Amino acid sequence: MKPLLTICCTTYNQEKYLRETLDGFLIQETTFPIEIIIHDDASTDNTVEIIKEYAAKDNRITTILQTENQYSQNIDPWANFVFPAAKGKYLALCEGDDYWTDPLKLQKQVDFLENNLDFELCFHNSKKLYQESGKFELNEASSQVAEVTTVIDLVDYCFIATLTVVLRNNFKLPKWINNSAAGTDWPLFFIQVGNGKIKRLNDVMAVYRIHENGVWTSKSELQKMQTDFSVIQDIITNKILPEAAHKKMNKKFKKLKKKMIKYRLKQFFDLRNKCR
């Protein structure tokens, strides 16, 4: 039977966390069939062994196991391997160090999208886990936005946590996504939602793990600004936004450019003063 939803998971050297991620998939209670696609980008720890263990026990799991790292070659795993293999009408996204906590997560999100055809994407509230301290806190970046938004709101910042997303599998990603500095997420949401609407559910149903090996959290302040600059430049150049959102993104780009110049000047004079 064809799955109504595909769980899309990418992993790389996440043996410490992956069992909790996969268990979060397997506790899902749905009235519809699902499939689970797990892409591993040539992990060097025991991640692949864990994936194979789970796949041997559940025939809903399909594995894509790379022998050579793709991300380092500017080949995006989501766009090139996971999404093309997905058969579901809907996609749910999660990386191998995050996890879901509510067994009805997928059912709630699919029910909403099935009954609200003017919405393209549904996400929900989540918690952040600071791995080193074991402290949990509500992800306010998501929880404080309105329950109904559009891409115009999404221009302000990417308030959608990837692990909370269920979206319609009705998009095609352009080739330039492979070279996007921050990966697929933010541009994907713009492309997929288009002129449609975004729904936030109030339920807290997942945990985003913050640890020293995280791709974003390990960046410096300047590196984060440079990443945002590059991604926004791609979004503007490739004109993927509706007109009003495009104009707003242009203004955001100009402000960020000024902020980066001020930051670099401050770094220069700080270094100069230290050398005196």
Side-chain angles (χ1 to χ4, degrees), residues 6-27 35-86 91-101 126-135 158 161-165 173 175-188 206-224 226-228 230-231:
T6 302
I7 297 173
C8 302
C9 179
T10 56
T11 64
Y12 179 71
N13 285 354
Q14 291 163 330
E15 63 176 359
K16 294 180 182 178
Y17 318 117
L18 185 57
R19 290 184 185 278
E20 200 161 15
T21 303
L22 299 181
D23 288 341
F25 300 162
L26 300 183
I27 64 169
E35 67 173 347
I36 303 167
I37 298 177
I38 306 173
H39 176 281
D40 181 76
D41 205 9
S43 290
T44 57
D45 61 3
N46 290 316
T47 296
V48 172
E49 284 68 29
I50 296 170
I51 293 170
K52 289 179 177 178
E53 174 193 330
Y54 276 74
K57 296 176 181 178
D58 196 315
N59 61 14
R60 296 175 300 173
I61 298 176
T62 298
T63 62
I64 303 173
L65 307 177
Q66 303 290 352
T67 56
E68 187 176 349
N69 187 270
Q70 303 296 301
Y71 184 78
S72 62
Q73 302 174 63
N74 286 331
I75 300 174
D76 182 80
W78 297 105
N80 289 276
F81 301 104
V82 182
F83 295 155
L91 305 179
L93 314 183
C94 191
E95 296 181 346
D97 52 354
D98 301 324
Y99 61 98
W100 301 340
T101 56
S126 60
K127 288 182 180 179
K128 294 188 289 187
L129 167 59
Y130 294 89
Q131 187 64 35
E132 188 174 339
S133 66
K135 180 185 176 183
C158 189
T162 302
L163 72 158
T164 69
V165 165
L173 294 178
K175 291 183 179 179
W176 62 264
I177 286 284
N178 276 336
N179 299 315
S180 182
T184 306
D185 301 7
W186 203 22
L188 162 64
V207 174
Y208 171 66
R209 198 186 303 267
I210 298 174
H211 55 92
E212 60 182 7
N213 295 321
V215 174
W216 184 254
T217 53
S218 61
K219 290 179 182 287
S220 67
E221 184 179 352
L222 179 59
Q223 287 173 325
K224 288 177 179 178
Q226 289 171 330
T227 299
D228 285 344
S230 178
V231 174

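These numbers come from a predicted model, not from an experiment.
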Working to the nearest 0.5 Å, report the span between [atom1] of [X] and [atom2] of [Y].
| X | Y | atom1 | atom2 | answer |
| --- | --- | --- | --- | --- |
| L93 | F83 | CG | CZ | 5.0 Å |
| T162 | D185 | OG1 | CG | 3.0 Å |
| I210 | E132 | CD1 | CD | 12.0 Å |
| K57 | L22 | NZ | CG | 11.0 Å |
| L65 | H39 | CG | NE2 | 8.5 Å |
| L26 | Y54 | CG | OH | 7.0 Å |

Would you confirm whether [X], through its side chain, and [Y], through its main-chain N or O, come within 3.5 Å as a donor-acceptor pair?
| X | Y | answer |
| --- | --- | --- |
| S43 | V48 | no |
| E15 | N13 | no |
| T21 | D98 | yes |

Next on the checklist: Please find the pair of heavy atoms, one from N69 and one from A42, that lie closest to each other, and give the distance.
Outcome noted: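 Nearest pair, atom of N69 first, then A42: N-CB, 3.6 Å.
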Item to check | Closest non-hydrogen atom pair between V207 and L163, with its separation | outcome: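 Reported closest heavy-atom pair: O-CD1, 3.1 Å.
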Checklist entry - Has K52 got more than 12 heavy atoms of other residues, nucleotides or ligands less than 6.0 Å from its NZ? => result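 It does not: K52 NZ has 12 such atoms or fewer within range.
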Measuring only between side-chain heavy atoms, which start at C-beta, is [X] closer than 4.5 Å to [Y]?
| X | Y | result |
| --- | --- | --- |
| E68 | Q73 | yes |
| T10 | W78 | yes |
| E95 | Y12 | no |
| Y17 | L129 | no |
| I75 | F81 | yes |

Next on the checklist: Holding to side-chain contact (heavy atoms from CB on, under 4.5 Å), I want the full list of residues that pass it with S133, two or more places apart in sequence or in another chain.
Outcome noted: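 S133 satisfies side-chain contact (heavy atoms from CB on, under 4.5 Å) with Y130, K135 only.
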Next on the checklist: Among residues at least two apart in sequence or on other chains, which ones pass side-chain contact (heavy atoms from CB on, under 4.5 Å) with T62?
Outcome noted: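 For T62, the residues satisfying side-chain contact (heavy atoms from CB on, under 4.5 Å) (neighbours in sequence not counted) are I37.
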Next on the checklist: Enumerate the salt bridge (Lys or Arg N to Asp or Glu O under 4.0 Å) contacts for residues 37-48, please, sequence neighbours excluded, ordered by first and then second residue.
Outcome noted: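 Those involving residues 37-48 do not exist here.
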